[in-house]
Amino acid sequence: MPPKDLSLPFPLSKQTLAALLKACSSQPLQLKKIHALVLTSGLSVKNSLITQLLTNLVTLGDTQYARKLFDEMHKPRIFLWNTLIRGYAKNDMPMESVSLYAKMSALGVRPDGFTFPFVVKASTELPESWAALTIHAHVVKYGLEYNAMVRNELMIMYVKFGDMGLADYLFETMTERDLVAWNSFIAACVQMGYASKALALFHQMGLARIKPDAVTTVSALSACGQLGCLNIGNKIYESAVNDGMESNIIVENARLDMCMKCGSTHVARTLFDEMRLRNVVSWSTMILGYAVNGKSEEALALFSRMQNEGPKPNYVTYLGVLSACSHARLVSQGRAYFSHIVDSNDQNVRPRREHYSCMVDLLGRSGHVEEAYSFILGMPTEPDAGVWGALLGACAIHKNIKVGQVAADKLFELAADIASYHVLLSNMYASAGRWDYVDKVRLRMRKKCIKKVAAYSSIEFNSEVHVFYSGDNSHPQSSSIYQKLEDLYMQIRSLGYISEVGSVHHDVEMEEKEAMLRVHSEKLAAAFGLINVEPESPIRVMKNLRTCDDCHNFFKFISRVSMREIIMRDKSRFHHFRNGTCSCKDFW
DNA sequence: ATAGGGTTAG
């Protein structure tokens, strides 16, 4: 037990002070009192005691006090530099970590193999890559580029800065490519959205006869969720269970998420009910999964059960709750949940910017654009691009050009180079028929070299992901896909389907608009699905952007004529089509 | 004395 009272009689021996340090290693206040004792002790071993103290402080996260001790020391040893650089890196202060390294370098202190893992990791967290690149040069200069851990961090660094070529090179030329190296590479790819690359690596790993562990499995499942490949994911999970990973809660949660991201809410629920242990991530995953699948009742029911018998909700849980309200247009309930978190005494669930974005989305898309705008003006923190983006999205739907222009102005101050905001603005003008403004936005995009993200859709079949772009002819089954589309059009026109040319945001002739709509990527993917997917399975189409009114309508019709369940995941939510209707009730 | 990889949200 740590002693309660440190006002002890002097003088204290080195042994006593060391013992005190050890006993108080988890109590920052006591450590500071010990610091005072050390300073007045007059012991010759002061430096080793301070070293010990500084290490403890860093472990506890008090980098500020640790830095104070550090700055008071005369010529600190490399170990202390490393300790503090590590402390900053681990306490989410990458800039401090990197600048301490810069200082060390300027003073001519030679870094060692322990310095670089921390500082490379910290430099990866910075928004600009130049510090990281400089540090890579230092790694080479000091001959540490084949140190396994340093190289591992460098590889992660290049994935995060988007240089997959160099990341691959560093991975291929590793001297010892152990399980952690594979896992690092795969995880970094998943986190940066290179899901296909991650699965390719996972496959390669199998060929190299390296057995995946729980960490690999979690990343692989996450990749499957991103890609929407339910079958591959299930196979990966099965073999993980064979290797004894079924009771790992993170693996279980990753599987829940994978099911939810593939639109398999029922399966996810069964798994959830069968879990022996569920933590806040399990509950939040379910609530969020229900929310994006448009099952708001299930989401809110589960949340209320969580409040009764589950773990304490955190801010992610509340994002799920608000998102459930938003996707189902539950305006007053959303407002009530929001004031609940505003009034909460729990610092953990205090509303963050993401909650505000969610509320703006809820208010705005449900038609309360002005209220959404004043809601932003009343925010206690500076609104970010996410918040203004939600408002602009609502303005595009409701053709509110006045507010939309305000949002767009803010967005171009905060995030001028994000294509999707320019596209939203242009679509807003287009749907209001203001083609003069549409041209202005397009011109500005061209001037700034901002490229629209190309729309594509994908569908998993036979353990492969088939990708389609708009008007794509590259698929081997291309001709039968287009034939299938023609057949479908024949069938659904007789049932009253008419193209929604309002979905085309180009100022062209009617016929041309229809021609553009006919080959939208999600339609190609759906036709491929109808040809290939076994009749008893639903057809799951994933799209990287939001779907348009015409495709949505088209999917409703084809679900009716084909008598198939069609699940479409777009950028923001799921649409479950069955017998001519969609689960979103045409609100999205 | 110090060291690399994992789930929800963005």
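Residue numbering restarts at 1 for every chain, and letters A, B, ... go by the order of the sequence lines.
Comparing B:dG6, B:dA3, B:dA9 by their closest approach to the side chain of A:Gln191 singles out B:dG6. The side chain of A:Ala187 approaches B:dG6 more closely than any other nucleotide in the set B:dG4, B:dT7, B:dG6. Distance from the side chain of A:Asn314 is smallest to B:dT8 among B:dA9, B:dT8, B:dG6. Here the nucleotide nearest the side chain of A:Val180, chosen from B:dA9, B:dA1, B:dG4, is B:dG4. Here B:dG4 is the nucleotide among B:dA9, B:dG6, B:dG4 with the atom lying nearest to any side-chain atom of A:Asn152. Among the nucleotides B:dT8, B:dT2, B:dG6, the one closest to any side-chain atom of A:Asn248 is B:dG6. When distances are taken from the side chain of A:Phe114 to each of B:dG4, B:dT2, B:dA9, the shortest belongs to B:dT2. Nearest nucleotide to the side chain of A:Lys121, out of B:dT8, B:dT2, B:dG4: B:dG4.
Between the CG atom of A:Asp178 and the C1' atom of B:dA3 there is a distance of 12 Å, rounded to whole Å. Atom C1' of nucleotide B:dG10 and atom OH of A:Tyr318 are separated by 20 Å, given to the nearest angstrom. Here the P atom of nucleotide B:dT8 and the CG atom of A:Asn279 are 12 Å apart, to the nearest Å. Taking atom CD1 on A:Ile287 and atom P on B:dT8, their separation rounds to 15 Å, with Å as the unit. As rounded to whole Å, 9 Å separates atom C1' of B:dT2 from atom NZ of A:Lys90. If you take CG of A:Asn56 and C1' of B:dT2, they are 13 Å apart, rounded to a whole angstrom. Atom CZ in A:Arg352 sits about 16 Å away from atom P in B:dT8, given to the nearest Å. If you measure from atom CG of A:Leu277 to atom P of B:dT7, you get 19 Å, rounded to the nearest angstrom.
Heavy atoms of A:Ser284 sit under 4.0 angstrom from at least one base atom. Counting any heavy atom pair closer than 4.0 Å across all strands shown, A:Phe118 reaches sugar-phosphate atoms only and no base atom. Among the atoms of the strands shown, none is found under 4.0 Å from any heavy atom of A:Val150. In this structure, A:Thr317 reaches neither bases nor backbone, as no heavy-atom distance under 4.0 Å exists between it and the strands shown. Base contact: A:Asn82 has a heavy atom under 4.0 Å from a base atom. Base engagement by A:Gly113 is indicated by at least one non-hydrogen atom pair under 4.0 Å involving a base atom.
In summary, the side chains of A:Ser239 and A:Asn242 do not present any donor paired with an acceptor at a separation below 3.5 Å, with no hydrogens or angles considered.
One finds no salt bridge joining A:Lys68 and A:Asp62 here, because no Lys/Arg side-chain nitrogen approaches an Asp/Glu carboxylate oxygen to under 4.0 Å.
Taking the ring axis of A:Phe272 as reference, the NZ or CZ atom of A:Arg278 stays within 45° of it and closer than 6.0 Å to the ring centre. In this structure, A:Arg151 satisfies the cation-pi test against A:Tyr146, with its NZ or CZ atom closer than 6.0 Å to the six-membered ring centre and inside 45 degrees of the ring normal. In this structure, A:Lys121 fails the cation-pi test against A:Phe118, since its NZ or CZ atom is not both closer than 6.0 Å to the six-membered ring centre and inside 45 degrees of the ring normal.
Phosphate contact (OP1/OP2 of B:dT7, side-chain N/O of A:Lys261, threshold under 4.0 Å): absent. A:Arg86 has a side-chain polar atom (N or O) that falls below the 4.0 Å cut-off from OP1 or OP2 of B:dA3. Between A:Lys571 and B:dG10, a side-chain N or O to OP1/OP2 separation shorter than 4.0 Å is absent.
When side chains are defined from C-beta on, A:His327 does not count as touching A:Ser296, because their heavy atoms never get closer than 4.5 Å. When side chains are defined from C-beta on, A:Met306 counts as touching A:Val280, because their heavy atoms get closer than 4.5 Å. A:Leu256 has its side chain within reach of A:Met286: a pair of non-hydrogen atoms, C-beta onward, lies under 4.5 Å apart.
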Mind running side chain to side chain donor-acceptor pair (under 3.5 Å) on A:Thr265 and A:Asn293 for me, showing each step along the way? CA-CA 8 Å; A:Thr265 56; A:Asn293 274 281; 5.6 Å; no

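If you check residues 262-275 of chain A against DNA chain B, you find no residue with a heavy atom closer than 4.0 Å. Sorted by residue number, the members of residues 212-230 of chain A with any non-hydrogen atom under 4.0 Å from DNA chain B read A:Asp213, A:Ala214, A:Val215, A:Val218.
Qualifying side-chain contact (heavy atoms from CB on, under 4.5 Å) partners for A:Leu107, counting only residues two or more places apart in sequence or in other chains: A:Trp81, A:Lys103, A:Val109.
Test A:Gln226, A:Arg569, A:Lys571, A:Lys261 against A:Met542 for side chain to side chain contact (heavy atoms under 4.5 Å, CB included) and you get one pass: A:Arg569.
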